[in-house]
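So the structure is just underneath, and the comments pick up after that.
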2 protein chains.
Amino acid sequence: MGTIIQRDFTGEAMGLLVFIGLGLHDEDDITVKGLEQARECDILFTEFYTSHMREGVKEELEKKIGKEIIVLSREDVEAGDIILLEAKERTVGFLVPGDAMSATTHVDLRIRAEKDGIRTRIIHGVSIVTVATGLLGLQSYKFGRTTTLPFRQKGYFPTSPYDVIKRNKDIGLHTLVLLDLKESGETMSVREAIDYLMRLETTKKEGVVTKESVVCALGDVGSDNPEVVCDRMEKLAAKKFESQIFCLVLPAELHFMEKEALQVLAGAPEDM
Amino acid sequence: MGTIIQRDFTGEAMGLLVFIGLGLHDEDDITVKGLEQARECDILFTEFYTSHMREGVKEELEKKIGKEIIVLSREDVEAGDIILLEAKERTVGFLVPGDAMSATTHVDLRIRAEKDGIRTRIIHGVSIVTVATGLLGLQSYKFGRTTTLPFRQKGYFPTSPYDVIKRNKDIGLHTLVLLDLKESGETMSVREAIDYLMRLETTKKEGVVTKESVVCALGDVGSDNPEVVCDRMEKLAAKKFESQIFCLVLPAELHFMEKEALQVLAGAPEDM
């Protein structure tokens with residue numbers, strides 16, 4: 001790869017903002033290209049507020065890249081100024097867990113940079129959608145909109161996840177359901193998630209989920225040993241998992257090959 | 001990474017089949033983990049029949065990995081025996097362009113391996129769906145089923161791509177349209193693709209595409225300098241592209257932020 005600092009015809013340095021996807025689990029889930037590009041950046045930022053990456057991944061990346069990485073808060077990323085100001089004249093790398101561009105905030109940041117005359121580049125990473133579909137043997141085009149189950153707080157009990165699952169299911173699409181993450185790193189448990197969904201069913205009564213519904217749970221995705229389980233909701237709620245579960249998949253109607261995949265790859269019930 | 005040859009309790013060697021995604025453009029689009037895993041495999045296979053990767057990528061990968069890579073034909077992969085036989089007792093790496101598991105054939109191969117008692121592992125790669133959405137600033141959950149436009153041959157003029165685009169559009173989903181690839185590496189041109197779609201419209205008359213429809217074209221994705229263009233169909237058909245275009249995106253109804261993204265990132269018309 002050549003040098004990436006460019007100058008315009010007046011001799012002024014032109015800024016560059018590179019979004020680099022980190023993939024899902026550890027410091028080795030970045031692409032070779034992403035790693036090389038990170039080494040060429042003048043300054044590196046990252047955010048981990050949406051991430052389930054392994055603990056210590058920042059320190060390991062700093063060792064591999066040979067540069068310090070500055071962790072930004074959600075507020076910093078949403079405001080964007082810290083990144084955009086640096087990218088005016090220098091080459092800034094923004095290391096993003098998962099794929100580089102799946103969050104609306106990041107797309108917005110890229111649009112603002114381009115409007116400011118800052119060149120942008122994307123070095124893509126592996127996305128949770130790709131990984132969840134791949135591990136379960138489902139087809140990616142059969143996934144609808146993704147939703148997140150938030151922690152329940154006093155007076156905060158959104159019903160939108162239920163509506164998303166219903167709309168997807170009505171048109172034959174599976175739903176990837178991300179489980180909320182606290183800043184402490186604590187994730188919602190599968191039991192809590194299923195309680196949440198069943199409570200929504202009790203309220204809305206639209207027949208989206210029952211105790212008998214088949215659900216998939218995924219943990220440690222991207223690691224050498226991901227946990228991939230598919231069972232009826234009632235059984236899954238009672239199960240003890242070996243890893244921290246990141247997401248559920250609620251399948252819509254299954255193609256026969258998808259059914260076989262869930263049985264062979266995720267231990268789905270034979271009689272489903 | 002530890003050694004990956006395992007033995008069961010009888011002391012017999014257990015086979016392992018690792019699907020390793022290569023990403024989209026060149027030898028550096030593999031993840032660091034994928035590269036390390038490939039180095040540990042006893043034998044490496046690949047297929048390039050669905051791929052637009054840069055020429056010479058196999059040779060560059062062989063240099064990086066330090067091992068020979070055997071290229072399989074579509075028939076070999078579909079039959080699967082060559083891979084499964086080797087994976088009975090050895091560690092086999094199957095290098096797959098793009099993500100590792102997006103083709104049904106590959107999911108099928110994995111299911112057969114597991115049923116045969118061969119352990120499988122996936123090291124995911126970047127998928128075209130992630131990249132196309134990311135480059136255009138669109139939301140991945142707003143993509144419906146992907147379709148491919150095949151080369152027209154005497155008596156072969158499938159209308160299914162039109163039906164897929166219509167079904168997606170009806171429910172507000174964008175369509176990724178892959179352009180067919182000959183074994184010689186030749187891709188269908190954008191003009192041919194648009195002619196194909198307009199001809200289907202003339203036949204079916206369901207108002208899915210018009211000369212005024214906004215379409216995106218993507219070339220050299222995954223490279224340092226991807227070509228990303230969005231314009232009305234008529235204009236796009238007349239355009240001279242700098243690179244080989246791999247795919248089109250036919251957007252459904254756009255969120256205002258998606259509209260701005262297409263204007264800033266892909267030069268979409270201001271009045272769309």
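Note that these values count all heavy atoms, side chains included, but never hydrogens, waters or copies made by symmetry. Labels below follow one simple rule: chain letters A, B, ... track the order of the sequence lines, proteins then strands, and each chain is numbered from 1.
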Which one of [options] has the most heavy-atom pairs closer than 4.5 Å to chain B?
options                   : value
I111(A), T120(A), V107(A) : I111(A)
G34(A), A261(A), S140(A)  : A261(A)
D99(A), T130(A), V131(A)  : V131(A)

Please work out whether the ring planes of F94(B) and H106(B) are parallel, tilted or perpendicular, with thresholds of 30° and 60°. tilted
Chain B contact via I30(A) - which portion, at a heavy-atom distance below 4.5 Å: both
List the atom of [X], the atom of [Y], and the distance in Å for their closest heavy-atom pair.
X       : Y       : value
L136(A) : L262(A) : O-CD2, 3.7 Å
I128(B) : C247(B) : CD1-SG, 4.1 Å
E27(A)  : V57(A)  : N-CG2, 3.4 Å

Say whether, by atom type as modelled, one donor and one acceptor occur between the side chain of Q263(A) and the main chain of P269(A) under 3.5 angstrom. yes
Count the heavy-atom pairs under 4.5 Å between each of [options] and chain A, then report the option with the highest count.
options                            : result
E114(B), K115(B), R110(B)          : R110(B)
L265(B), V129(B), V264(B)          : L265(B)
R167(B), E260(B), M257(B), R145(B) : R145(B)

Interchain contact, [X] with chain A, by part (heavy-atom threshold 4.5 Å):
X       : answer
I122(B) : side chain
T104(B) : both
L35(B)  : side chain
L135(B) : both
K142(B) : neither

Residue from E62(B), E60(B), E55(B) passing salt bridge (charged side-chain N to carboxylate O under 4.0 Å, His left out) with K58(B): E62(B)
The single option from L254(B), T133(B), L250(B) that satisfies side chain to side chain contact (heavy atoms under 4.5 Å, CB included) with H174(B) is L254(B)
Do T175(B) and N168(B) pair up side chain to side chain, a donor and an acceptor below 3.5 Å, judged on atom types alone? yes
